[in-house]
2 protein chains.
Amino acid sequence: MKISKELMKGSTVQLILSCLSDEDMYGYQIIKKIKTKSKNIFNMGEGTIYPILHRLEKQGFLKSYWEKQIGLPDKKYYKITEKGISKLHEEINEWKKYTKAVNNVINMKSV
Amino acid sequence: MKISKELMKGSTVQLILSCLSDEDMYGYQIIKKIKTKSKNIFNMGEGTIYPILHRLEKQGFLKSYWEKQIGLPDKKYYKITEKGISKLHEEINEWKKYTKAVNNVINMKSV
DNA sequence: AGATTATATATCGTGTTACGATGTATACGC
DNA sequence: GCGTATACATCGTAACACGATATATAATCT
């Protein structure tokens with residue numbers, strides 16, 4: 001089963017910031033980490049993640065730096081900022097509140 | 001805290017179908033039920049729910065019928081169809097898979 | 001040799017969606 | 001008279017994920 005595009009919309013930022021709270025990573029690497037960690041449920045495309053990374057950097061949640069490679073395309077690493085960590089905490093908070101609320105509604109009867 | 005618009009996007013259909021799997025309801029009533037059940041976390045506007053109900057009916061997940069009122073605007077009740085029940089089960093399935101996957105990713109480290 | 005796949009970045013167009021704003025109409029309390 | 005509640009409807013907007021496309025190198029498969 002593929003997860004619907006619309007479901008993804010609320011959590012992509014959270015997923016990315018969460019990865020980067022562990023260590024600096026580059027876009028292509030984040031895609032794979034999310035894929036692995038989610039047990040192949042999430043398979044973000046490149047056209048999805050790069051614009052998000054750009055956006056997050058512009059908003060001050062991330063900072064980037066290039067690392068030159070030989071025989072491979074250069075890698076653009078992202079580092080989470082203090083502001084990004086705050087954002088992540090907010091997002092996780094909201095996520096918990098949100099999932100709890102949805103479950104409260106759909107568990108009206110025994111599903 | 002208000003839940004972000006984008007987070008809502010994946011679950012509105014599920015919430016509505018879930019309400020209607022209990023009993024026939026009209027739009028205005030669904031808004032309040034969701035508000036109550038979610039403990040005021042969700043407060044859908046009318047401009048949100050009516051288009052969704054129309055869409056779901058067009059897609060064959062719901063059927064509607066009017067009930068005349070005296071001294072009040074008439075009420076348009078919605079009844080979930082067999083197809084709607086299947087849809088609800090699919091959505092709940094996807095929801096569980098989705099939340100589990102997100103938690104797998106964000107629990108990489110102790111959050 | 002040629003094609004595909006993997007690595008790694010970037011951007012553009014498209015479709016979907018929730019939501020506020022606006023409109024219609026009745027009734028009740030201040 | 002004015003706001004609020006009940007109950008429906010529609011329109012425009014902004015945000016977003018995603019596929020498609022482009023670029024470039026290297027390894028693997030046919």
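All chains are named by letter (A, B, ...) in the order of the sequence lines, taking the proteins before the strands, and each is independently numbered beginning at 1. Values below: every heavy atom of this structure, side chains too, minus hydrogens, waters and symmetry copies.
- Computed from coordinates, the Met44(B) CE to dC19(C) P distance equals 7 Å when rounded to whole Å.
- Between the CD atom of Glu57(B) and the P atom of dA9(D) there is a distance of 9 Å, given to the nearest Å.
- The side-chain heavy atoms of Ser11(B) and Tyr98(A), taken from C-beta on, include a pair separated by under 4.5 Å.
- Considering only side-chain atoms of Tyr26(B), the nucleotide from dT9(C), dA17(D), dC8(D) that sits closest is dC8(D).
- Comparing dA17(D), dT7(C), dT9(C) against the side chain of Lys32(A) picks out dT7(C) as the nearest.
- Gly45(A) comes within 4.0 angstrom of nothing in the nucleic acid, heavy atoms only.
- Between the P atom of dA6(C) and the NZ atom of Lys35(A) lies a distance of 9 Å, rounded to the nearest Å.
- At a threshold of 4.5 Å between non-hydrogen side-chain atoms, the residues Leu62(A) and Leu17(A) count as touching.
- Judged by the 6.0 Å distance and 45° axis criteria, Lys83(A) is positioned over the aromatic ring of Phe61(A).
- Computed from coordinates, the Ile31(B) CD1 to dC19(C) P distance equals 11 Å when rounded to whole Å.
- Taking side-chain N and O atoms only, Lys75(A) has a distance below 4.0 Å to OP1 or OP2 of dA8(C).
- Comparing dT11(C), dC19(C), dT6(D) against the side chain of Pro73(B) picks out dT6(D) as the nearest.
- For Glu6(B), taking side-chain heavy atoms from C-beta onward, the closest of the listed nucleotides dG20(C), dA17(D), dC16(D) is dC16(D).
- If you take OH of Tyr78(A) and P of dA8(C), they are 14 Å apart, rounded to a whole angstrom.
- Listed pair Thr48(A) / dA17(D) fails the phosphate criterion, with no side-chain N or O lying under 4.0 Å from OP1 or OP2.
- Residue His54(B) places none of its side-chain N or O atoms closer than 4.0 Å to OP1 or OP2 of dC8(D).
- When heavy atoms are screened at a 4.0 angstrom cut-off, Lys9(B) is found touching base atoms of the nucleic acid.
- Neither OP1 nor OP2 of dG20(C) sits under 4.0 Å from any side-chain N or O of Lys5(B).
- For dA18(C), the OP1/OP2 oxygens have a side-chain nitrogen or oxygen of Arg55(B) closer than 4.0 Å.
- Pairs engaging residues 62-74 of chain A under the side-chain hydrogen bond (donor to acceptor under 3.5 Å, both in side chains) rule: Asp24(A)-Tyr65(A), Glu57(A)-Ser64(A) [sequence neighbours left out].
- Rounded to an integer number of Å, the gap from CD1 of Ile70(B) to C1' of dA7(D) is 16 Å.
- Side chain of Lys2(B), nearest nucleotide from dA7(D), dG20(C), dA18(C): dG20(C).
- Across all strands shown, Glu46(B) has heavy atoms under 4.0 Å from base atoms, whether or not it also approaches the sugar-phosphate.
- Between the CD atom of Gln29(B) and the P atom of dA5(D) there is a distance of 18 Å, rounded to whole Å.
- Residues Ser4(B) and Trp66(A) each lie close to DNA chain C; by heavy-atom proximity, the contact nearer the 5' end of the strand is made by Trp66(A).
- No single ILVMFWY cluster, assembled from side-chain heavy atoms under 4.5 Å apart, contains both Leu72(A) and Tyr50(A).
- One finds a salt bridge joining Glu6(B) and Lys9(B) here, because a Lys/Arg side-chain nitrogen approaches an Asp/Glu carboxylate oxygen to under 4.0 Å.
- A residue-by-residue look at Leu72(A) and Tyr77(B) shows that Tyr77(B) has its nearest nucleotide of DNA chain D further toward the 5' end.
- Projected onto DNA chain C by closest heavy-atom contact, Gly71(B) and Pro51(A) fall at different nucleotides, the more 5' of which corresponds to Pro51(A).
- An OP1 or OP2 oxygen of dT7(C) is reached within less than 4.0 angstrom by a side-chain nitrogen or oxygen of Tyr28(A).
- Between the OH atom of Tyr50(A) and the P atom of dT7(C) there is a distance of 11 Å, rounded to whole Å.
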